> 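Handing you a structure now.
Keep in mind the model is a prediction, meaning the values are calculated, not measured. Just so it is clear, the values below take in all heavy atoms, side chains as well, and ignore hydrogens, waters and symmetry mates.
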Amino acid sequence: MADFFSWVFDRLNVFSGQAVDVLYGYILIILLVFAGVYFTVKTKFVSFRLIKEQFNAW
């Protein structure tokens with residue numbers, strides 16, 4: 001029985017390691033870039049329109 005649990009946990013460890021490698025690679029970078037572009041367009045470029053006020057807040 002202990003061998004079965006050891007085998008299951010070893011398989012889960014391998015699977016989670018592979019999933020992390022895939023998700024924290026190019027997929028995450030692509031998703032972050034697309035999310036940034038999407039929210040920039042959705043908010044009508046508020047980060048660029050109000051850049052003067054951002055620096056005056058200091």
> Count the heavy atoms of every other residue, nucleotide or ligand shown that sit under 6.0 Å from CZ of Arg49, and state whether that count exceeds 12.
yes
> Which residues satisfy the side-chain contact (heavy atoms from CB on, under 4.5 Å) test with Phe5, sequence neighbours excluded?
Met1, Phe9
> When the side chains of residues 32-44 are checked against the rest of the protein, which donor-acceptor pairs come out under 3.5 Å, sequence neighbours left out?
unit_1 : atom_1 : unit_2 : atom_2 : d
Thr40  : OG1    : Gly36  : O      : 2.6
Thr43  : OG1    : Phe39  : O      : 2.8
Thr43  : OG1    : Thr40  : O      : 3.4

> May I ask you to list the residues sharing a hydrophobic cluster with Val22, side-chain cutoff 4.5 Å, ordered by chain and number?
Ile27, Leu31
> Grouping I, L, V, M, F, W and Y whenever their side-chain heavy atoms are under 4.5 Å apart, do Phe15 and Trp7 come out in a common cluster?
no
> I need the Asp21 CG to Ser16 OG distance, nearest 0.5 Å.
9.5 Å
